[in-house]
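The structure under discussion is supplied below as structure tokens; questions concerning it will follow.
All figures in this text were calculated on a predicted structure; none of them were measured in a lab.
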Amino acid sequence: MKLPVKEIHKTDVIGVVCHDAGGAEVVSEWLLQEGLPFYACLAGPAIKIFQNKFAEYKNINLEELLSKSDWVLCGSSWQSDLEKRAVKRSIELGIFVAVCLEHWANYEDRFITDDVITLPSEIWVGDKDALKLVIELFPNTPVRLINNPYLQRISFEIEAFQKTNRAIDIDILYVCEPIREHAKIKYGDENFLGYTEESALEFFFDKVHLLSSGHTTIMIRPHPSDPSDKYDWTKRFNTDSLVVSIGGEQTLISEIMRSKIVVGCESMAMVVALLAGKRVVSSVPPGGRPCVLPHE
């Protein structure tokens, strides 16, 4: 493993580039902890995440950001090429650029542009499982192991929520991921992984009796990048004993803490639920790629 090559100074002005929610959560929490000045080039779900955490910040285009920043810190995306373009352009200009990986899958995809892998100056990970994966995939790239600031903040929120004694009124919370869109963009096949978010949900409803019997309340929580009405079709599963609703109106922590069981495929939200001490179940249907989360 190569040691990190960047010394971080309090006088640094950082250029932050984020699109997807996962990377934006980690990067924004790190900025809050460090208190460093930054410029931002944001798109997609990252915009709302930063708006909720920072009273003031300047969202500018990529070229302006690169001209004003001492170095660059990116999230990573499969939905967007924003961070990939930032890495490639930073390398071209000789600017130090780090990418923060917040998950445990599809690492190579996050660096491919025009069928070529362009690696950053340094890769950041938040746990030893991710560290091992990155070292195996990219042995010549420096890797920095940080304490995942997003999960640290989540742990504090869980502790605070536990003290409120809020009632558990959701039997099962189902956390969604845009699996089909990712597979289509990357592989040209919506069913490349052997399942889609819709087929996984169909499988879940077919087997839900194994998790809960009698009157059961189920909340379907869309992914932050999903349209709010994407899963309205699940309401057709409503019966006298099965009550289905659409979530996402409250915070992830709130909906997890209100739930007895959390179900998904391989979402980061499932890791959050494990931190909260919930029973967590993967609903990848038969024939699908096994869940990649390294957690028990």
Side-chain angles (χ1 to χ4, degrees), residues 1-103 107 110-111 113 117-127 130-131 134 138 140-154 156 224-225:
M1 172 184 129
K2 283 196 173 184
L3 296 175
V5 297
K6 174 67 181 173
E7 288 189 21
I8 298 171
H9 304 287
K10 290 295 183 181
T11 56
D12 289 345
V13 177
I14 305 171
V16 173
V17 184
C18 292
H19 180 281
D20 283 14
E25 289 284 11
V26 177
V27 169
S28 58
E29 286 298 324
W30 185 84
L31 288 169
L32 286 171
Q33 286 188 10
E34 296 297 320
L36 296 173
F38 68 93
Y39 290 103
C41 178
L42 307 174
I47 293 175
K48 185 175 180 180
I49 289 169
F50 273 70
Q51 286 175 341
N52 289 339
K53 295 183 183 182
F54 299 96
E56 293 184 10
Y57 70 91
K58 193 169 184 180
N59 194 6
I60 57 181
N61 66 52
L62 180 58
E63 288 300 321
E64 185 180 359
L65 176 138
L66 293 173
S67 70
K68 292 183 174 182
S69 305
D70 293 312
W71 58 281
V72 176
L73 177 60
C74 300
S76 67
S77 296
W78 59 263
Q79 292 174 291
S80 167
D81 67 350
L82 177 61
E83 293 99 332
K84 297 174 186 178
R85 287 191 290 110
V87 170
K88 185 175 181 180
R89 190 71 179 123
S90 297
I91 296 297
E92 289 172 350
L93 295 172
I95 300 171
F96 178 92
V97 55
V99 171
C100 185
L101 298 176
E102 85 296 339
H103 206 271
Y107 283 175
R110 297 167 190 254
F111 299 111
T113 50
I117 292 181
T118 301
L119 294 172
S121 313
E122 189 172 285
I123 294 174
W124 292 14
V125 296
D127 62 85
L131 179 68
V134 169
F138 312 120
N140 297 318
T141 301
V143 186
R144 186 187 299 263
L145 178 62
I146 63 172
N147 289 323
N148 189 315
Y150 172 62
L151 294 184
Q152 285 180 324
R153 194 254 296 168
I154 287 294
F156 293 140
S225 64

Where is the tightest heavy-atom contact between Val97 and Pro120, given as atom of each residue plus distance?
O-CB, 3.3 Å

Do Phe96 and Asp70 have side-chain heavy atoms sitting under 4.5 Å apart?
no

Gap between atom CG of Asn147 and atom CD of Glu29 - 0.5 Å precision:
13.5 Å

Go through the structure and list residues passing ring-ring contact (aromatic ring centres under 6.0 Å, His included) with Tyr39, not counting sequence neighbours.
none

Measuring from atom OG of Ser80 to atom NE2 of His19, what distance do you get when rounded to the nearest 0.5 angstrom?
4.5 Å

Does Lys58, at its NZ atom, have more than 12 non-hydrogen atoms belonging to other residues, nucleotides or ligands within less than 6.0 Å?
no

Polar contact flag, side-chain donor to acceptor under 3.5 angstrom, Lys88-Thr113:
no

Any side-chain heavy atom of Leu82 within less than 4.5 Å of one from Ser77?
no

Under 4.5 Å between any side-chain heavy atoms of Phe38 and Ser69, yes or no?
no

Can you give me the closest heavy-atom contact between Cys18 and Gly75, atom names plus distance?
SG-N, 3.7 Å

Before you tell me yes or no, could you show the steps for Ser28 and Phe54 under side-chain contact (heavy atoms from CB on, under 4.5 Å), namely the whole-Å CA-CA distance, both residues' side-chain angles and the distance that decides it to 0.1 Å?
CA-CA 9 Å; Ser28 58; Phe54 299 96; 3.9 Å; yes

Minimum side-chain heavy-atom gap Trp124-Val26 below 4.5 Å
no

Is Phe50 close to Leu31 at the side-chain level, that is, under 4.5 Å between some pair of heavy atoms?
yes

Indicate yes or no for a side-chain donor-acceptor contact from Asn61 to the backbone of Glu64 under 3.5 Å, with no hydrogens or angles considered.
yes

Taking atom CZ of Phe156 as the centre, report whether more than 12 heavy atoms of other residues, nucleotides or ligands fall under 6.0 Å from it.
no

Please table the atom pairs, donor to acceptor, closer than 3.5 Å between any side-chain atom in residues 5-17 and protein atoms at least two apart or in another chain.
from  : atom 1 : to    : atom 2 : distance (Å)
Lys10 : NZ     : Glu34 : O      : 2.8
Asp12 : OD2    : His9  : N      : 2.9
Asp12 : OD2    : Trp71 : NE1    : 3.1

Separation between CZ of Arg110 and SG of Cys74, rounded to the nearest 0.5 Å
13.0 Å

Inter-residue atom distance Leu119.CG - Phe111.CZ, 0.5 Å rounding:
6.0 Å

Evaluate the side-chain proximity of Arg89 to Glu63: yes if any heavy-atom separation is below 4.5 Å, no if none is.
yes

Can a donor-acceptor pair be found, under 3.5 Å and without considering hydrogens, that links the side chain of Ser121 to the backbone of Ala98?
no

Rounded to the nearest 0.5 Å, how far apart are CG of Leu73 and CD of Glu122?
9.5 Å

Checking Asp127 side chain against Ala130 main chain: does a donor-acceptor pair fall under 3.5 Å?
yes

Let me confirm one number: the SG-CG distance from Cys100 to Asn148, rounded to the nearest 0.5 Å.
7.0 Å

